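Heads up, the thing below is written out as structure tokens.
Along the sequence shown, residues are numbered consecutively beginning with 1. As the structure is a prediction and not an experimental result, all values here were calculated from the model. Just so you know, ligand 1 is whichever comes first in the structure, and atom 1 is the first atom listed for that ligand. Only this structure's heavy atoms are used, side chains among them; waters, hydrogens and symmetry mates stay out.
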Amino acid sequence: MKKPILLSTPHMSTRELDFVKEAFATNWIAPVGPHVDAFESEFCQVTGAGHAAAVSSGTAAIHLALRLLGVGLGDEVFCSTLTFAATANPIAYQGAKPVFIDSDRTTWNMNPDLLREALEKKAQIGKLPKAVILVHLYGQSADIEPILAACNEYDVPLIEDAAEALGATYKGQSPGTFGTIGIYSFNGNKIITTSGGGMLVSDNPELVARARFLATQARDSAPHYQHSQIGFNYRLSNVLAGIGRGQLQVLGDRVAARRRNYEVYAKELGDLPGVEFMPEANFGTSTRWLTCLTIDSEAFGCDREQIRLALAEQQIETRPVWKPLHMQPVFAECEFIGGEVGADLFTSGLCLPSGSNLTDEELERVIIGFIDIHNSNK
Ligand SMILES: *Cc1c(COP(=O)(O)O)cnc(C)c1O
């Protein structure tokens with residue numbers, strides 16, 4: 001039986017364990033402590049963010065962002081449709097309604113023209129959204145400038161979901177640092193991980209201070225436990241922040257390794273008929289968190305799902321591209337603005353094993369497996 005090759009697995013370096021040991025040695029085994037503070041400030045240095053609050057997950061960071069922006073019952077929030085459900089679930093936590101926006105074919109991310117048209121229409125009926133959540137998918141930044149310009153024109157705050165795009169650039173700057181609030185994830189499958197964790201960033205220090213307050217049960221300053229608002233238990237553990245500090249030191253290496261995976265795949269598979277890799281927009285650098293491609297089944301000889309299943313038989317894990325949220329049963333009633341771009345990418349799109357710790361032998365197994373499927377379906 002062959003060893004399984006997984007999509008994206010944790011990849012520790014040498015420093016993480018030192019930081020964890022330090023947490024044990026000093027007994028900072030709590031959702032507060034020196035690693036949490038250092039992780040936040042080091043994260044700001046790496047991304048150029050103004051201020052940062054370390055939290056228990058990317059999902060928690062999105063939830064806090066919506067709370068900070070006053071999203072509540074019956075409000076609408078615009079949201080990229082081609083993404084993981086965690087982007088939109090916190091909209092529902094707040095009793096608000098997502099309005100999903102389709103992708104642009106060249107970036108796979110939110111189409112700026114659709115956003116602008118939708119804002120214009122909503123302005124006409126006096127029902128502007130309370131916020132826009134923009135996702136930077138698979139390590140590639142969305143085209144932020146026109147999106148931010150549209151948001152600014154209608155005075156709607158922008159939340160950037162950069163969970164998959166830590167280490168990427170947009171015109172030389174980190175996606176996640178352009179909007180009112182940005183969020184990142186350190187889940188086990190992301191480019192760097194704390195096993196579970198997230199970060200909320202903003203240039204506005206008051207928003208970040210309020211995020212920390214809400215994330216620690218909204219305790220008023222009083223010697224007794226006093227609360228005048230509903231809070232959450234969303235802070236990151238000091239132990240996990242230690243892992244994050246070690247991971248942050250090798251972020252550049254992790255980006256380089258994932259980009260190399262893509263380059264090897266593109267070189268070896270890019271000329272097969274019907275195979276097209278996710279394009280890299282010219283405004284920045286993608287991390288290629290996951291290497292994604294689309295399959296034209298007529299040209300290739302079989303469809304995306306047949307490829308996925310055939311690779312699975314060889315213990316190679318691949319995944320379809322995210323199923324757009326407007327197609328998810330749980331969001332079936334929600335408004336959707338756009339056409340078939342996200343739906344087409346879902347139907348034809350496949351994510352290949354992309355971990356920064358993949359060996360050359362593993363890459364070769366995926367490549368040979370993929371070429372074999374093509375040859376046997378010609
Ligand atoms: C992983 C992910 C999240 C959620 O992050 P968690 O840390 O797992 O809660 C949100 N949005 C996107 C696009 C993601 O990929």
Would [X] and [Y] pass as an ion pair if we require N to O under 4.0 Å?
X	Y	value
Arg259	Glu280	yes
Lys2	Glu361	no
Asp113	Arg116	no
Glu362	Arg365	no

Tabulating one pair per line, provide the atom names and distances (0.1 Å) for every N/O atom of ligand 1 that is less than 3.5 Å from a protein N/O atom.
from     : atom 1 : to     : atom 2 : distance (Å)
ligand 1 : 5 (O)  : Ser185 : OG     : 3.2
ligand 1 : 7 (O)  : Gly58  : N      : 2.7
ligand 1 : 7 (O)  : Ser185 : OG     : 2.7
ligand 1 : 8 (O)  : Asn187 : ND2    : 3.4
ligand 1 : 9 (O)  : Gly58  : N      : 3.3
ligand 1 : 9 (O)  : Thr59  : N      : 2.9
ligand 1 : 9 (O)  : Thr59  : OG1    : 2.5
ligand 1 : 11 (N) : Thr87  : OG1    : 3.4
ligand 1 : 11 (N) : Asp161 : OD1    : 3.3
ligand 1 : 11 (N) : Asp161 : OD2    : 2.7
ligand 1 : 15 (O) : Glu164 : OE2    : 2.6
ligand 1 : 15 (O) : Lys190 : NZ     : 3.3

Q: Determine whether the aromatic ring centres of Tyr93 and Phe232 lie less than 6.0 Å apart.
A: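 Between Tyr93 and Phe232, the centre distance exceeds or equals 6.0 Å.
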Using atom types as modelled, flag every donor-acceptor pair under 3.5 Å from a side chain in residues 94-101 to any protein atom, sequence neighbours excluded.
from  : atom 1 : to    : atom 2 : distance (Å)
Gln94 : OE1    : His63 : NE2    : 2.9
Gln94 : OE1    : Arg67 : NH1    : 3.3
Gln94 : NE2    : Val71 : O      : 2.9

